[in-house]
Amino acid sequence: MPKPTFKYLKAASKNPSTTVRIKPNAPRKTVAPPVVTAPIEAPTPVEAVSAETPTFAELGLNENTLRGITELGFEIPTPIQARAIPVLLKGRDIIGQAQTGTGKTAAFGLPLLQLSDSTSNKPQALVLEPTRELAVQVAGGIHELGKYTGLRIVPVYGGQPIDRQFRALSQGAHVVVGTPGRVLDHLRRGSLSLDEVKICVLDEADEMLALGFLEDVESILSEIKGKRQIAFFSATMPPRVAALTKKFQHDPEHIAIDIKRRTVETTSQSYYEVPPGKKLEALARVLDMESPGPTMVFCRTRQDTNDVADALRLRGYNADALNGEMNQSERDRVLRRFREGQSDLLVATDVAARGLDIDTVTHVVNFDIPWDVEQYIHRIGRTGRAGRTGDAITLVEGRERRQLKFIEQMIGAKIRPVRIPTASDIAARRRDQFLASLQEVLAAGTSDAFVETVESLIVDYSAADVAAAALQMLWKSQDIGQFTVEEEIAAGEQPEEGMTRLFIGLGRQDGLRPGDLVGAITNEANISGKSIGAIDILDRTAFVEIPKQDAERVVTALRRTKLRGKKVKIDIASPIDFGRQSQGQ
Ligand code: AMP
């Protein structure tokens, strides 16, 4: 008998643990379908990624800093970098209105690296950060940018043994990145001298003052004498920040990115909040759930496009990277494949995707959040073209949330939060697609030969049993590993904060229903039904989330009891590591 072929469902790989790729054009359904927004007002790209954007070299950066940038895979300056770097290199004071995610670390980091002298052993640049995390992150960022400058970057912050910082400072620190309290501490102890500091950056000035660091900051800035440059970076400009700039800055240049309004129509915008390091897994789930048509995935750096495209291919998707590193013929080949539908996902940097006009793109995914609203508008404008509707999806992790809020404010519209699809959502989606494909075959008319086979079988079996057997064979022949994939995805599910996920060795096929689990947990472990979190019932297993502090007790209680009349395996689910850490911040 010929092996039945199925139009929409196709195994992505022989490996049953691989996520199944569902072919485009399948009927679409989302967890909570993003609504097509009414035309909204959004800014016109004034500083957008445009043909006029200068290169890093044109900003006046020298060979050593340019080498660092190239190695990091940055292709073009972000708007704040394009504006701030030349001004800082000229020695002017600036007020830069920008928040995390706009590329501001490099906007001040590159000039301060270039303005420092590696042959002197004294600190020549000081960066003040409101929190320890930011101090570490920014020091790390500057360190990477300055890899070829021979400069030493030292973070100093509370919570780390001060002795270690004494040592690092005495060995010669060229750039010191610290929290105000710890910087003052070092100044008072004489372990840090600001005599040779030529440039001081007050990063996240608004947050710094909101955290009550005004006095400390004033004391530090007063210590920096002589001809020195002061740069303020702040997302907002409350009066206290403005007063501080007046007191300490000399004729500062105010750099804010101009915004004009324009309309983004026909694109529905949503975002998914992703636990740290889980962007790739989230992307895979969203793709499985949405079954999009041609999709563009935006990343920040060349390296990211390669990493993400590789990881997607490993998971069975047809993905290609597109970045500025590729020569023209590679680029043409990748674009041809995408246009002709041989690849479904184009993982691109902004530069590489500049001006790309492919009408069929149904989805744009911001794997990394855009660094400003202009870039956001430019990216999402790659879909919803030629009168079609499109979906713009942004994956947001940790601090990127602030940036998202800012983008929302600037476009004057809400970007809709959507829950990352669970394993059950995806399984339900696959079943829907399976059914839809069947209905399509039925509508197109079945072959006489098959009808005859059925007629010969219904002498001994019911028509329903014959159909069910055929479907069972078909489902298995698709090699979609329904159970394995479903369970594996479910096992990798991250519990909500403060919750623990329990594995239950019983599922839908055993007649398990949510009520059975809630009943057993509330009765046996004496926990209120309200505190029980998400319940995922799969075919052969189930998962339930319960408050962390009750986890051991619930496991012990459930192991003692029976579920649907059976002793069942109960365990704390250990999440599967789905690999790559996001490159985010
Ligand atoms: P920041 O706003 O400084 O926290 O930067 C946000 C992220 O953008 C960091 O991961 C940087 O490595 C990245 N980034 C900064 N500038 C660029 C650029 N010109 N091109 C690509 N990525 C960048």
Side-chain angles (χ1 to χ4, degrees), residues 47-50 53-59 61 65-66 68-86 88 96-113 127 129-131 133-147 153 177 201 203-204 207 231 233-235 255 257 276-277 279 298-308 323-325 347-354 366-376 378-379 394-404 406-407 580-585:
E47 302 291 322
V49 189
S50 73
T53 307
T55 62
F56 279 109
E58 283 165 355
L59 299 180
L61 292 167
T65 40
L66 288 174
I69 295 167
T70 309
E71 194 151 303
L72 283 171
F74 296 1
E75 295 189 328
I76 50 152
T78 69
I80 190 76
Q81 290 163 3
R83 295 276 302 275
I85 291 173
L88 283 172
Q97 234 171 312
Q99 60 272 298
T100 307
T102 53
K104 72 177 158 67
T105 309
F108 60 75
L110 291 165
L112 65 79
L113 286 167
V127 180
E129 295 290 342
T131 64
E133 290 72 26
L134 272 172
V136 171
Q137 179 189 312
V138 167
I142 299 178
H143 172 77
E144 282 190 65
L145 289 164
K147 197 166 164 192
I153 324 297
V177 183
V201 177
D203 193 18
E204 309 254 342
E207 216 172 306
F233 280 85
S234 196
I255 297 179
I257 307 303
K279 282 203 174 175
F298 281 95
C299 297
R300 278 195 180 121
T301 67
R302 287 170 204 157
Q303 195 49 46
D304 289 346
T305 61
N306 291 331
D307 290 351
V308 171
N323 60 49
E325 207 168 44
V347 187
T349 56
D350 295 89
V351 179
R354 186 189 280 165
N366 295 310
F367 189 86
D368 294 314
I369 193 160
W371 49 66
D372 71 356
V373 70
E374 317 298 354
Q375 192 184 29
Y376 180 78
H378 183 263
R379 286 180 177 185
T394 304
L395 304 181
V396 180
E397 178 186 295
R399 289 185 68 85
E400 292 180 337
R401 224 173 310 145
R402 209 169 164 213
Q403 174 74 347
L404 182 90
F406 183 72
I407 291 175
R580 179 180 184 274
Q581 287 282 316
S582 149
Q583 299 285 308
Q585 347 237 337

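For ligands, and for the atoms within them, numbers begin at 1 and follow the listed sequence. All values reported here derive from a predicted model rather than from experimental measurement. Position 1 is the first residue of the sequence, and the numbers go up from there.
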*Tell me, do L113 and I153 make a side-chain contact under 4.5 Å, heavy atoms counted?*
yes
*asked:* Once you restrict to heavy atoms under 4.0 Å, what part of F233 touches ligand 1? Side chain, backbone, both or neither.
replied: neither
*Could you check which of F74, F56, W371 puts a non-hydrogen atom nearest to atom 11 (C) of ligand 1?*
F74
*Heavy-atom side-chain contact between D368 and K279 under 4.5 Å*: yes
_Evaluate A106 for polar contact with ligand 1, using N/O atom pairs at a separation under 3.5 Å._
no
*May I ask you to test the K147-I69 pair for a side-chain heavy-atom distance under 4.5 Å?*
no
*Report yes if the side chains of F108 and I142 come closer than 4.5 Å at any heavy-atom pair, otherwise no.*
yes
*Is K104 close to E204 at the side-chain level, that is, under 4.5 Å between some pair of heavy atoms?*
yes
*Give the numbers and elements of all ligand 1 atoms closer than 4.0 Å to a heavy atom of T78.*
16 (N), 17 (C), 18 (C), 19 (N)
_Heavy-atom pairs closer than 4.0 Å: do any link ligand 1 to the side chain of I76, the backbone, both, or neither?_
backbone
*Numbered atoms and elements of ligand 1 in range of T105, under 4.0 angstrom, heavy atoms*: 1 (P), 3 (O), 4 (O)
